[in-house]
Structures are given as structure tokens and as C-alpha cells.
Amino acid sequence: GAGVSQTPSNKVTEKGKYVELRCDPISGHTALYWYRQSLGQGPEFLIYFQGTGAADDSGLPNDRFFAVRPEGSVSTLKIQRTERGDSAVYLCASSLTTQSGETQYFGPGTRLLVL
Amino acid sequence: GQQLNQSPQSMFIQEGEDVSMNCTSSSIFNTWLWYKQDPGEGPVLLIALYKAGELTSNGRLTAQFGITRKDSFLNISASIPSDVGIYFCAGLITQGGSEKLVFGKGMKLTVNP
């Protein structure tokens, strides 16, 4: 079956612009996660959704970052007034349930470059 | 926040050799995981460990969950060219209705045919 998909695969924007990154989780997966991966680093947690609600947004770096999942499936990560330091790969993952230890399946990521 | 210390940062080996990598933490984790990431892709789960002291194999991969719950290692035996990639350890945090992974910085593996 289809895995986690993310669009766009690459995004180049100018400093100060607004961007939206989309994640389509695996069908039927109730849990969705966003991570950010800087060059040469491991992924860092941003936000976790259980259904439509953000159960944990403690990883969002500041209030320029916001994510939604209005129907409990597709999620959009929104970044306002982008800064050069926001350049990174943004990874989305989903898992079947909230049962502890359920495997998180990752998408290929969106590579964001802020000029 | 919690951090995982992964070592070595990179390895360059000959095809057929074994390779080991490990991960340590100042905090206890109840679940340790090992992922592999290829260029342009997201991480893919290799092995998950759920019990302290557990030793788990998946083909040529063997991983152990340290008895203190603060460390784990991954061993790859008889390496092949397709083992090339970046390997990450991760600890699972579940608390207060949240669930998230904390990753190490990764180990870049190069296999010379």
C-alpha cells in the first residue's frame, strides 16, 4: 500500500515569506508526527497529532510555526515569516494507533531552503 | 532536553566486514529503536527493542537494549554495498498523552566493494 507522502518534495522561498508543507499519512493511521532534520543531524520532534488534535506541540520552535490536521488525516505544517535558519528537511511520520511503541513510518520529507 | 550520544559518527569499511555502533543516553528509555536513512528518503525502522537486556536480530542486524536502559548497540554482520547509509538510534518518550522519538546524530556508513 501507499506510504506516507509529503508535498512538495523541495521548496525554495525567500526570507520573510509564508510556506505550507503537506503530509498525507498512511490510510487509517490515527497518529501523525512532524520532525525537522537539519544537515548532519538526526530528526528533531516538532508536533504530535492524535486524530485532529495536537496532543503535544512542545517541539515547535516558536510561534511562527503552526500545524493543523482538521479532518484527522492530512496535515499541514505552516511557517510564517520564514528565516534562513528554518532551512531543513521537514519529515512527517504516522503510526497506526497511540499504543506505545507502535512503529512510526516516515515520509521522504520536504526540503525547505530559505534564501 | 534529552539527548542521545551516538558513536562513531562515521565508518568506512570493506564489503564483508562487520560493523558496530552504539548509543548512550543520560536518561532512561523504555523503547530503543534503530533506523536507517538513505539519501533523499525518510528514516526506515530496522529494529525495535522493548525490554532491558533484550537482544534482537533481523537478518544480518543484531541490536541490544542495555540493562540500564540508557544504552543500545547495533551490529551489522557481513556488510554489503546496500548497507551504505546513515544509521540513527532513537529513544521513544511516552508521557502525558504524548509520544515522540529522540534521535541520535547518526552514523554514516560507507562500504567499499
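Chain letters run A, B, ... following the sequence lines, proteins first, then strands; residues in each count from 1.
- The structure places OH of A:Tyr33 at 8.5 Å from OG of B:Ser98, a figure rounded to the nearest 0.5 Å.
- Residue A:Leu39 places its CG atom among 12 or fewer non-hydrogen atoms of other residues, nucleotides or ligands, all under 6.0 Å distant.
- Surrounding CZ of B:Phe73 are more than 12 heavy atoms belonging to other residues, nucleotides or ligands, all under 6.0 Å away.
- Judged by distance alone, with hydrogens and angles left aside, the side-chain atoms of A:Tyr35 form a donor-acceptor pair with the main-chain N or O of B:Leu101 at under 3.5 Å.
- Counting heavy atoms from C-beta outward, B:Lys100 and A:Ile47 have side chains that stay 4.5 Å or more apart.
- A continuous path of ILVMFWY side-chain contacts below 4.5 Å connects B:Ile13 to B:Leu46, so both sit in one hydrophobic cluster.
- A:Val19 and A:Val114 fall within the same hydrophobic cluster, defined by Ile, Leu, Val, Met, Phe, Trp and Tyr side-chain heavy atoms under 4.5 Å apart, directly or through other members.
- Within a 6.0 Å sphere centred on CD of A:Glu14, heavy atoms belonging to other residues, nucleotides or ligands number 12 at most.
- Contact count versus chain B (heavy atoms, under 4.5 Å) is highest, among A:Gly107, A:Ala55, A:Pro108, A:Pro43, for A:Pro43.
- Atoms CZ and CD, from B:Phe103 and A:Gln37 in turn, are 8.0 Å apart once rounded to the nearest 0.5 Å.
- If you measure heavy-atom distances from B:Gln9 to chain A, you find no contacts under 4.5 Å at all.
- Tracing side-chain contacts under 4.5 Å through hydrophobic residues (I, L, V, M, F, W, Y), one reaches B:Val111 starting from B:Met11; they form part of the same cluster.
- A pairwise comparison of heavy atoms in B:Gly42 and A:Leu91 identifies CA-CD2, 4.0 Å as the closest pair.
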Show, in sequence, the C-alpha distance, side-chain angles and deciding distance for A:Glu44 and B:Val102, and conclude whether the side-chain contact (heavy atoms from CB on, under 4.5 Å) test is met.
CA-CA 7 Å; A:Glu44 293 181 316; B:Val102 176; over 6 Å; no
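- There is no path of hydrophobic side-chain contacts, each under 4.5 Å, that joins A:Leu60 to A:Val68.
- Hydrophobic clustering keeps A:Val4 apart from A:Val89 (ILVMFWY residues linked when any side-chain heavy atoms are closer than 4.5 Å, directly or through intermediates).
- Aromatic ring centres of B:Tyr35 and A:Phe106: separated by under 6.0 Å.
- Neither the backbone nor the side chain of A:Ser9 comes within contact range of chain B; no heavy atom of the residue lies under 4.5 Å from a heavy atom of that chain.
- Between the OG1 atom in A:Thr103 and the CG atom in B:Leu92 there is a gap of 10.0 Å [rounded to 0.5 Å].
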